[in-house]
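Heads up: the structure comes next, in structure tokens.
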2 protein chains.
Amino acid sequence: MGAEAVGTEVRQPVMADVAKLAGVSHQTVSRVLNGAPHVRPGTRERVLAAIRELDYRPNSAARALVTRRSQTLGVVTFDSTLYGPASMLDGIERAARTADYFVSVASLRSLDSRSVQEAVDRLRDQGVEGVVVIAPQVSAVGALAKLSSPVPVVAVGSGGRSRVPMVSFDNRAGAEAATRYLLDLGHRTVHHLAGATGWMESRDRQDGWRRTLEAAGARVPRAGTGDWSSRSGYEAGRRIAHDPEVTAVFCANDHMALGLLRALYEAGRAVPGEISVIGFDDIPEAAYFTPPLTTVRQDFGELGRRALELLLKELDGVGHGRDPVRISPETVLRRSAGPAHRD
Amino acid sequence: MGAEAVGTEVRQPVMADVAKLAGVSHQTVSRVLNGAPHVRPGTRERVLAAIRELDYRPNSAARALVTRRSQTLGVVTFDSTLYGPASMLDGIERAARTADYFVSVASLRSLDSRSVQEAVDRLRDQGVEGVVVIAPQVSAVGALAKLSSPVPVVAVGSGGRSRVPMVSFDNRAGAEAATRYLLDLGHRTVHHLAGATGWMESRDRQDGWRRTLEAAGARVPRAGTGDWSSRSGYEAGRRIAHDPEVTAVFCANDHMALGLLRALYEAGRAVPGEISVIGFDDIPEAAYFTPPLTTVRQDFGELGRRALELLLKELDGVGHGRDPVRISPETVLRRSAGPAHRD
DNA sequence: AACACATAGGTTAGCGTTAACAGAAAAGGG
DNA sequence: CCCTTTTCTGTTAACGCTAACCTATGTGTT
């Protein structure tokens, strides 16, 4: 046995191995790999064959080192367990893949701006080329404002004004449509169960609701505040169930609407007979609530894709979108809202 | 102005810059960064100061190139929009972070084994040190069996036997508990609405259900088949709503149970008065269904953490867990299931 | 035939880090 | 006080790739 064969360590093949096998220089291998011109079809074939034979994989670290590009994008998210963030993440990942990028995720442990900066830094240390922040909290937006990052950052899902480019739903418009719809049904006014404090979505939806009421000259009741969970919707529902004033409730999301529906049911209030309920999001389950929930649909996947599109533009140095990208939601009519009852 | 100042290009500082500023060699900087011994406190301080002053960040690609470690783990997931996968991903990410790893995700576009291999390869090309596959489909497990990967792979969530280490819920036990519970309530038999075809979870839950029935000497009705969605639960519900034989239904997940509940309600069948329903998963909303759903709880976050733990062990070369790690679910009693009615 | 010029390829030099070795300074032992 | 050992630090060489430059060959033009 020659000295070569002593260690049976199976070293991963490198470019030089491929080159030797194909009888070319490593540079030619590189050229084939990167589709560079000036490679004769014959040699290209030989190189490709050698690559296949050795099952050679380029070393991404080496490539990243010299090109200064990691082919990786970062996503920072708050609670990727929620339907919205999860769908956005999914949309982003799919879009990134088609653009031939990897995506690395970092979830926030808390909402303060230090935490956001930390997550972005973490991603940056890993060498991501850009990051999209799924952080709909007001505090996060504040964090973005003072965020210092050498890599492009775009935000998604929130609506605040900020220095970073942003794509979001027009939550205000969605809330207006929902409220308007209820008003048009003949309700004297519409109550509101807001989302978690500190979220842009909560603020904007509440805003849209209030404005619509004011524009219609309707009384603006005090809004309840939930935390997006069904439980909080349920608790709010128990509080209002016996209030005869309440004939229509606009919930800031479908999960809370579910809890509300439950509380109303327990209290023996008919929906939409006595009280109309409308949600926001159109989660896949909303159509199967009892009664099926009228709600405002958001296409989170689309939002994720658009965010990535925007980030890619930033990466290409195409001047950053002056105005935030806004996607209009559409309201989905089902059975949980109906005309005001006459008393 | 000296020739130095001509280009105002702000090059990211590198280790050599820090070294020069601190008046040491780059190696000493490296030592400080990596906590190597034999660095005098004084010089360490100077180096640290220089690092702060320049806001120096080590280049991860360079480090990865020489250490052959990317500090990155990969996660392949199928539909990270679903509650289960999303929660697991979240659990994995959090656990990875505490272990000081980054996580890169790749979602599958389809379920075939080529797709799984492709995703793992993609991650591998990126240089991940290990991957956890959230792919509960039978086909995915098959894919894992023939998966060739130089990096450790663990699977999570499914239950099949396979070459790769795996952590999963004991779906069979959960299904047995659910079925047993219904039987103990006095139901002569229990019907079953299975999950999507091809999923390990579907198979195992159906298995547990059937065995329990057989062990109890109960008749084993033909099981329905859904696709995990509420819609499929609804459709199944419409089919069985008027079957007087049906007094208890065990649904393979909560979403389908929701659809079923809806269909039953529309058909005027009382739950649990006439028909008892039990779900699986205990999604956060289950407690607010009408009626609140009795179900089998799975802690997906925990599952994700355990999977990561297992992967970390693999990375440390600690012999791979002979037996799959099994986590027992616990059943949560609520109001959708009750005693059989007497006729 | 001489030249330009495109094409096909090889050679060399980094990218920014850690590893391996080597040398200098400080500390201990006779 | 010299020699050995321990601390501290610097030098050199990878890691595996791409960029930049260079050297051959053709191919077409004057």
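Sequence lines set the chain letters: A, B, ... in the order given, protein chains first and strands last, and positions in each chain run from 1. The structure displayed is predicted, hence computed values, not measured ones.
Rounding to the nearest 0.5 Å gives a distance of 12.5 Å between CG of Leu89(A) and CG of Leu82(A). Here the straight-line distance linking atom CD of Gln71(A) with atom OG of Ser60(A) works out to 9.5 Å at 0.5 Å rounding.
For the segment residues 46-54 of chain A, no residue has any heavy atom less than 4.0 angstrom from an atom of DNA chain C.
The side chain of Ser60(A) places no N or O atom within less than 4.0 Å of a non-bridging phosphate oxygen (OP1 or OP2) of dC17(D).
Considering only heavy atoms from C-beta on, Glu309(B) comes within 4.5 Å of Arg306(B) through its side chain. At a threshold of 4.5 Å between non-hydrogen side-chain atoms, the residues Met88(B) and Val156(B) count as touching.
A side chain to side chain contact (heavy atoms under 4.5 Å, CB included) with Glu93(A) holds for exactly one of Val105(A), Val103(A), Val75(A); it is Val103(A). Between Leu73(A) and the choices Val128(A), Val151(A), Val131(A), Leu311(A), the side chain to side chain contact (heavy atoms under 4.5 Å, CB included) rule is met once, by Leu311(A).
Judged purely by distance below 3.5 Å, without hydrogens or angles, the side chains of Ser104(A) and Gln126(A) pair a donor atom with an acceptor atom.
Applying the side chain to side chain contact (heavy atoms under 4.5 Å, CB included) rule to Arg305(B) yields the partners Ala95(B), Asp299(B), Glu302(B); only residues at least two apart in sequence or on another chain are considered.
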Give each protein N/O atom lying under 3.5 Å from an N/O atom of nucleotides 24-26 of chain D, with the pair distance.
none

For nucleotides 23-26 of chain C, list the nitrogen or oxygen atoms of the protein found under 3.5 Å from its nitrogen or oxygen atoms, one pair per line.
none

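Under 4.0 Å is where a charged nitrogen must lie from a carboxylate oxygen, and between Arg122(B) and Glu118(B) no such pair does.
Across all non-hydrogen atoms, the minimal contact from Gln12(A) to Asp17(A) is O-OD2, 4.3 Å.
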What is the per-nucleotide protein-contact pattern of nucleotides 15-21 of chain C, from the 5' end, where B denotes a base atom under 4.0 Å from a protein heavy atom, S denotes such proximity for sugar-phosphate atoms only, and - denotes neither?
BBBBBB-
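A donor-acceptor contact shorter than 3.5 Å links the side chain of Thr43(B) to the backbone of Arg40(B).
Evaluation of the ring pair (Phe, Tyr, Trp, His ring centres under 6.0 Å) test over residues 70-117 of chain A, restricted to residues two or more places apart or in two chains, returns Tyr83(A)-Phe300(A).
Residue Ser25(A) is in base contact, counting any heavy-atom pair closer than 4.0 Å across all strands shown.
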